[in-house]
Each structure stands twice: as C-alpha cells, then as structure tokens.
Amino acid sequence: MTTPVLLQHYIDGEWFDGDADALVSISPAEPDVTVAHGRAATVDAVDRAVAAARAAARRWARTPAHERGTVLVRAAAIIESSAPRWGAELAREEGKTRGEGVAEVLRAAQIMRFYGGEGDREAGEMFASPRRGERIMVARKPIGVVGVITPFNFPIAIPAWKIAPALTYGNTVVWKPAGTVPLLAMRLAQALHDAGLPPGVLNLVMGGRAIGAGIADHPGIDALTFTGSTAVGRSLAAAGAARGVPVQAEMGGKNAAVVLGDADLDLAAEQVLAGAFRSSGQKCTATSRLIVTEDVADEFVRELVARIGKWTVGNPLDEQVDMGPVIDAAARTSIRAGVDEAIRQGARALCGQRSYEDGELATGFYVPPTVLELPDTGLDVWREELFGPVLAVCRAADAEAAFALADDSDYGLSAAVFTQDLTRALGALEDLDVGILHINSESAGADPHVPFGGAKKSGYGPKEQGRAAREFFTHTTTVYLRGGRSIT
Ligand SMILES: NC(=O)C1=CN([C@@H]2O[C@H](COP(=O)(O)OP(=O)(O)OC[C@H]3O[C@@H](n4cnc5c(N)ncnc54)[C@H](OP(=O)(O)O)[C@@H]3O)[C@@H](O)[C@H]2O)C=CC1
Ligand SMILES: O=C(O)CCC(=O)C(=O)O
C-alpha cells in the first residue's frame with residue numbers, strides 16, 4: 001500500500017499546513033484507502049492568498065510576456081516528466097483509468113506549453129484613424145487577480161487551462177480545487193513553484209465550499225473562472241454581476257450523439273462508447289443521449305450493447321480495466337437513483353440495470369455502464385445531467401427528426417454526428433445550438449488551441465482555451481496615439 005501524501009496549501013511562495021478540518025483524499029475504487037491527507041485551510045487563508053496575489057500583481061504584469069511564458073514552458077517539462085507517477089495518483093484519487101490519468105497529465109503539460117508561447121504573440125491591435133497623424137491602438141492588459149474554482153473530473157487539465165492563460169496574460173491567481181482531488185492540485189502548484197513562478201503569483205487554498213465562496217465574494221478578486229455544476233456556476237455568475245466582476249463559467253451538458261443510416265456504424269459504435277463511458281461518463285462533454293435513425297437502430301444498439309459487455313469495470317490502476325468508479329458515494333447514489341427513476345418512468349435497461357451489490361466492486365463507488373432505451377423524450381433522464389456512465393437512447397424517423405431531438409435540450413455544450421454525407425454534416429452545424437460539434441468523432445475532447453465552451457445552460461461568459469481565453473483574461477485600453485508635433 002502507498003503511503004498517503006501530506007497535503008499542503010501554497011500562499012506567497014510558501015507551503016504550509018492547514019489548521020481547519022481534516023482534508024482527506026480517498027480512493028473511489030477503495031474508499032478505505034487514503035491517498036493524501038492534511039488539514040483544510042480556514043477562510044482567513046483566502047484573505048492572505050488574495051493579499052499575496054495583489055502584492056505580486058503589478059510586478060508580474062510588468063514581467064515581459066516572454067519571461068512569463070518561459071516559466072510555463074519549464075512547468076510543462078516538469079509535468080511531462082512526472083506523468084507516469086502523477087497519472088497513477090490521478091487514477092487513484094479521481095477514479096479514471098491509469099491510461100486516462102497519464103493522458104490527462106500529459107494534456108496539462110501540452111496546455112502549459114501552448115500558453116507558454118501564447119504570451120509572445122500580439123498584445124493588441126493597431127487601427128487607422130480618421131484624423132491625420134494619428135493611429136489608434138487597442139492594448140491588451142491583465143485584469144488583475146483571478147479567482148479559479150475547479151471541479152473534480154479533470155483535476156489537472158482543467159486547472160491548467162484556466163491557470164496557464166491567466167498567468168501568461170499577466171494575472172495572478174487564487175485557486176480552490178474540488179475537495180475530492182486536492183493531491184493533483186498540489187502537484188500542479190508544485191510544478192509551477194519548481195519552474196520558478198515568483199511568490200504570490202499563484203496561490204492554492206484547499207477546503208470546502210466556504211473557501212470557494214470566500215474567493216468568489218472577495219472584494220480583492222477582479223475576475224472569476226469556474227467549471228462545475230450549472231447551479232453553482234449560475235450563482236457565482238449572479239454574485240459576480242452584482243459586484244461588477246467578470247465571470248466565466250463552464251457548466252453541465254446533456255450531449256447527444258446522432259447516428260444516421262449512412263454512417264460507418266463500426267466507427268460510430270467505437271466513438272459513442274468512448275464518449276459515453278470513458279472516465280465513467282464524468283465529463284461535461286460526455287455523450288449522455290444517443291439518437292439513432294430507425295433504419296439502423298436495431299443493428300446499432302445491439303452492437304453497442306454487445307461491445308460494452310466486453311468492457312472490464314474495476315480498479316483503475318489495473319491495466320486491463322476500461323472503466324473505473326465514479327467520484328464518491330453521493331455520485332453513485334444519485335446516478336443509481338436517476339437510472340431507477342428512468343426505469344420507473346418507462347425506460348428499458350439494455351444493460352447496467354443491476355448495480356454492484358456484492359462481489360469485489362461492491363465496496364468501491366462503481367456504477368455499471370448503463371444503456372437505457374426510452375419510449376419518448378418525456379423522461380427526466382432525457383433532460384437531466386446524471387454525470388455518470390448512463391446513455392439514454394431514442395429513435396428518430398430521419399436525419400431532420402434526429403437533429404431536432406438532439407437540439408431538444410436546455411444544455412448546448414457538445415454534440416457528435418455520425419454520417420458520411422457532407423450535406424447532412426453541414427446541416428448539423430446549422431441545426432444544433434452547441435459550442436462544440438464533432439463530425440464522426442466522440443462528443444468529448446478539447447484541443448488547447450481552439451475555443452472550448454457551450455451554448456444555452458452550458459456556458460456563461462467568454463469561452464475557454466485557444467485565442468478565446470484572451471478575451472476573458474485580458475481587458476483593453478484604447479489609445480489614440482499622436483506624435484507630439486502637429487503634422488500638416
Ligand atoms: N461542466 C463541467 O465541466 C462539469 C460539470 N459538473 C457538474 O457538477 C456536478 C457536481 O460536480 P462537482 O464537481 O461537485 O460540481 P460543483 O459545482 O458542486 O463544484 C465545482 C467546484 O465548485 C466548488 N463549489 C461548490 N459549491 C460552491 C459554492 N457555493 N461557492 C463556491 N464554490 C463552490 C466545489 O468545491 P467542493 O468540491 O469543495 O464542493 C468545486 O471546487 C456534476 O454532477 C455535474 O453535473 C461537474 C464537473 C465538471
Ligand atoms: O472533453 C474534454 O476532454 C473536456 C471535458 C471537460 O472540460 C469537463 O468535463 O469539464
């Protein structure tokens with residue numbers, strides 16, 4: 001058994017123990033195993049973190065962008081070389097498979113490297129002026145101190161794609177990670193510390209919701225970026241609006257995969273399974289609704305269920321395992337309750353009806369991969385995000401009906417469409433109100449150099465990643481620029 005890691009907070013370049021309640025990170029596969037432990041911070045640590053971030057803000061903003069980027073590039077190298085160890089820790093702490101854990105750590109390194117270069121690119125725009133001898137410059141500047149609140153499901157990649165752009169564009173950060181994944185948060189902060197980030201530029205404060213609320217409401221926070229549930233995201237957006245502070249919130253999804261009769265069904269089955277069940281369905285971009293046209297529905301659904309039957313569910317550190325547990329007991333209970341309610345409302349479970357009540361998976365927070373065939377779209381499971389390995393299937397008469405069903409959601413994060421017909425693929429772009437559209441690939445996944453975020457209830461504020469991140473992490477000053485002598 002591995003010795004639990006000691007958890008420490010990080011303020012003004014110093015590591016220190018918390019002095020509030022116990023902070024314990026357990027393994028969702030083996031809940032009696034402690035992965036890391038320490039003490040949570042008290043809310044007054046937020047005051048100290050904000051003060052440190054404010055004190056560091058001016059100097060960091062005036063540090064040449066190239067120097068700021070160099071720190072991120074060095075952090076990328078540290079993260080990359082730690083990927084095997086940290087990836088295993090991630091699997092132990094969060095429950096995704098070791099392969100997914102290592103891939104996520106490498107993704108964090110890739111994000112750091114991308115933003116390491118991004119600071120060197122243009123820092124504004126120059127416009128012509130209607131007046132002789134004048135140019136108009138729009139200069140981009142950091143916002144100041146950014147509050148970062150992150151979820152459990154990508155414990156290093158999501159923080160990386162918020163913190164890296166914040167830093168590269170010259171802001172300082174106060175960060176609260178999800179309570180279930182403090183170890184990976186500490187690893188990311190360690191990488192930036194070891195890469196030479198100056199004291200106060202990043203501050204990590206771990207603890208419960210009171211810490212999150214303390215950051216969100218703090219008068220010293222100039223902007224807030226959040227990923228997590230729609231309820232919390234909206235409340236933070238409302239609080240930010242009341243204080244006049246910009247908020248970026250990435251929230252839930254109820255993402256559809258649409259499989260049309262002309263699709264390559266083999267490819268579609270592989271991709272729908274990955275989208276629905278990798279990371280136990282705990283991605284905001286996971287496929288939780290499948291719409292398949294009648295002409296191929298029987299064949300496609302049969303194939304899907306046969307394939308998922310071959311997946312191994314179990315300890316995420318075991319190389320043979322395809323899917324691990326969900327994050328905690330509460331998640332397992334609410335996902336199971338959602339499935340039971342769907343069945344009560346008329347859904348037919350094609351697989352996954354039986355939970356792991358005995359045997360070796362009974363003690364971990366396991367939920368079987370579940371496929372539910374729905375009689376119609378009136379069921380709660382069609383609309384409500386369960387955030388687990390549950391796929392709700394509906395049939396459609398044709399492509400037009402299928403797209404209408406896919407768009408029948410309050411959420412609009414991502415969608416996947418499987419077809420070999422370019423006209424239909426382009427039709428999906430028109431018909432689906434989503435932030436991310438995949439044609440012939442799974443609904444999950446995001447590259448660091450392109451915008452990421454959703455429409456409708458899924459997103460609020462400027463998008464994340466790529467160039468879009470600059471919109472949130474900078475503000476502009478428009479400069480009317482004339483020489484000191486009159487020009488005739
Ligand atoms: N769109 C997405 O990317 C994601 C969506 N979700 C959705 O959210 C649900 C719950 O997941 P979870 O990660 O717990 O999401 P939450 O929204 O509950 O939590 C996300 C982050 O916000 C913090 N937080 C919670 N309440 C407050 C508050 N009132 N003020 C300030 N910060 C707060 C959490 O802290 P703490 O952990 O200490 O409670 C965590 O750091 C999922 O079932 C899913 O539906 C979840 C993850 C990602
Ligand atoms: O699809 C991905 O890889 C990213 C998903 C994500 O951002 C999330 O689940 O919060």
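All figures in this text were calculated on a predicted structure; none of them were measured in a lab. Both counts, for ligands and for their atoms, begin at 1 and track the order of listing.
When side chains are defined from C-beta on, Arg98 counts as touching Leu317, because their heavy atoms get closer than 4.5 Å.
For atom 1 (O) of ligand 2, the closest heavy atom belonging to the protein is Thr285 OG1, 2.5 Å. Of the protein's heavy atoms, Cys284 SG, 3.0 Å lies nearest to atom 10 (O) of ligand 2. Nearest to atom 35 (O) of ligand 1 among the protein's heavy atoms is Lys176 NZ, 3.0 Å. Scanning the protein heavy atoms around atom 13 (O) of ligand 1, the nearest turns out to be Phe152 CD2, 3.3 Å. Among all non-hydrogen protein atoms, the one lying nearest atom 30 (N) of ligand 1 is Ala213 N, 3.8 Å. Of all protein heavy atoms, the one lying nearest to atom 23 (C) of ligand 1 is Ile149 CG2, 3.7 Å. Of the protein's non-hydrogen atoms, the one nearest atom 45 (O) of ligand 1 is Glu385 OE1, 2.5 Å. Ranking protein heavy atoms by distance to atom 40 (C) of ligand 1, first place goes to Thr150 O, 3.4 Å. Among all non-hydrogen protein atoms, the one lying nearest atom 18 (O) of ligand 1 is Arg209 NH2, 3.6 Å. Looking at atom 15 (O) of ligand 1, its nearest protein heavy atom turns out to be Ser229 N, 3.6 Å.
The atoms of ligand 1 that sit less than 4.0 Å from any heavy atom of Met251 are 1 (N), 2 (C). Near Ala178, meaning under 4.0 Å from one of its heavy atoms, ligand 1 places the atoms 37 (O), 40 (C), 41 (O). Near Thr227, meaning under 4.0 Å from any of its heavy atoms, are these atoms of ligand 1: 2 (C), 3 (O), 20 (C). For ligand 1, the atoms lying closer than 4.0 Å to a non-hydrogen atom of Gly252 are 1 (N). Numbered from 1 in the order shown, with element, the atoms of ligand 2 that lie under 4.0 Å from a heavy atom of Phe452 read 6 (C), 7 (O). Near Ile158, meaning under 4.0 Å from any of its heavy atoms, are these atoms of ligand 2: 7 (O), 8 (C), 10 (O). Which parts of ligand 1 touch Gly179 is read off a 4.0 Å heavy-atom cut-off, strictly below it: atoms 36 (P), 37 (O), 38 (O).
No N or O atom of Ala444 sits closer than 3.5 Å to an N or O atom of ligand 2. Considering backbone and side-chain atoms together, Lys283 places no N or O closer than 3.5 Å to any N or O of ligand 2. Considering backbone and side-chain atoms alike, Gln282 places every N or O at 3.5 Å or more from each N or O of ligand 2.
A donor-acceptor pair shorter than 3.5 Å can be found between the side chains of Thr225 and Lys162. Side-chain contact check for Ser27 and Glu30: no donor-acceptor pair (N or O, by modelled atom type) lies under 3.5 Å. Counting only N and O atoms by type, the side chains of Gln110 and Arg107 include no donor and acceptor under 3.5 Å apart.
Under 4.0 angstrom from ligand 1, the non-hydrogen atoms of Pro177 all belong to its backbone. In Asn153, the part holding a heavy atom less than 4.0 Å from any atom of ligand 1 is the side chain. Contact annotation: for Arg107 versus ligand 2, heavy atoms closer than 4.0 Å belong to the side chain alone.
The two atoms that bring Leu372 and Ala342 nearest to each other are CD1-CB, 3.8 Å, heavy atoms only. Smallest separation of non-hydrogen atoms from Gly253 and Leu413: CA-CB, 4.4 Å. Minimum interatomic distance between Ser409 and Lys456 (heavy atoms only, all atoms of both residues): O-NZ, 2.7 Å. Summarising the geometry of Thr285 relative to Ser414, their closest heavy-atom pair is O-OG, 3.5 Å, with the distance given to 0.1 Å.
Salt-bridge check for Asp266 with Arg307: passed, with a basic side-chain N closer than 4.0 Å to an acidic carboxylate O. Under the 4.0 Å criterion applied to side-chain N and carboxylate O atoms, Glu118 and Arg467 are assigned as salt-bridge partners. Remark: Arg424 does not engage Asp431 in a salt bridge, criterion side-chain N to carboxylate O under 4.0 Å. The residues Arg113 and Glu80 are annotated as salt-bridged, a charged nitrogen and a carboxylate oxygen being separated by less than 4.0 angstrom.
Between the NE2 atom of His9 and the CH2 atom of Trp15 there is a distance of 10.5 Å, given to the nearest 0.5 Å.
Heavy-atom proximity to atom 2 (C) of ligand 1, evaluated over Ser235, Gly233, Cys284, is greatest for Cys284. Evaluated by nearest non-hydrogen atom to atom 28 (C) of ligand 1, the leading choice among Val232, Ile215, Leu224 is Val232. Selection from Phe152, Phe154, Trp161, Phe387 by nearest heavy atom to atom 7 (O) of ligand 2 gives Trp161.
In this structure, Glu250 has no heavy atom closer than 4.0 Å to ligand 2. Under the 4.0 angstrom criterion for non-hydrogen atoms, Phe226 is in contact with ligand 1. By the 4.0 Å heavy-atom criterion, Gly207 is counted among the residues contacting ligand 1.
Side chain of Arg332 to main chain of Pro325: no donor-acceptor pair is present (N/O by atom type, distance under 3.5 Å, no hydrogens or angles). One N or O on the side chain of Tyr115 and one on the backbone of Gly466 form a donor-acceptor pair closer than 3.5 Å.
Using the six-membered ring where Trp is involved, Tyr366 and Tyr356 have ring planes that are perpendicular, over 60° apart on the 30 and 60° scheme.
The presence of a protein heavy atom under 4.0 Å from atom 38 (O) of ligand 1 is confirmed.
For Arg48 and Phe16, the positive end sits near the middle of the six-membered ring, less than 6.0 Å away and at most 45° from its axis.
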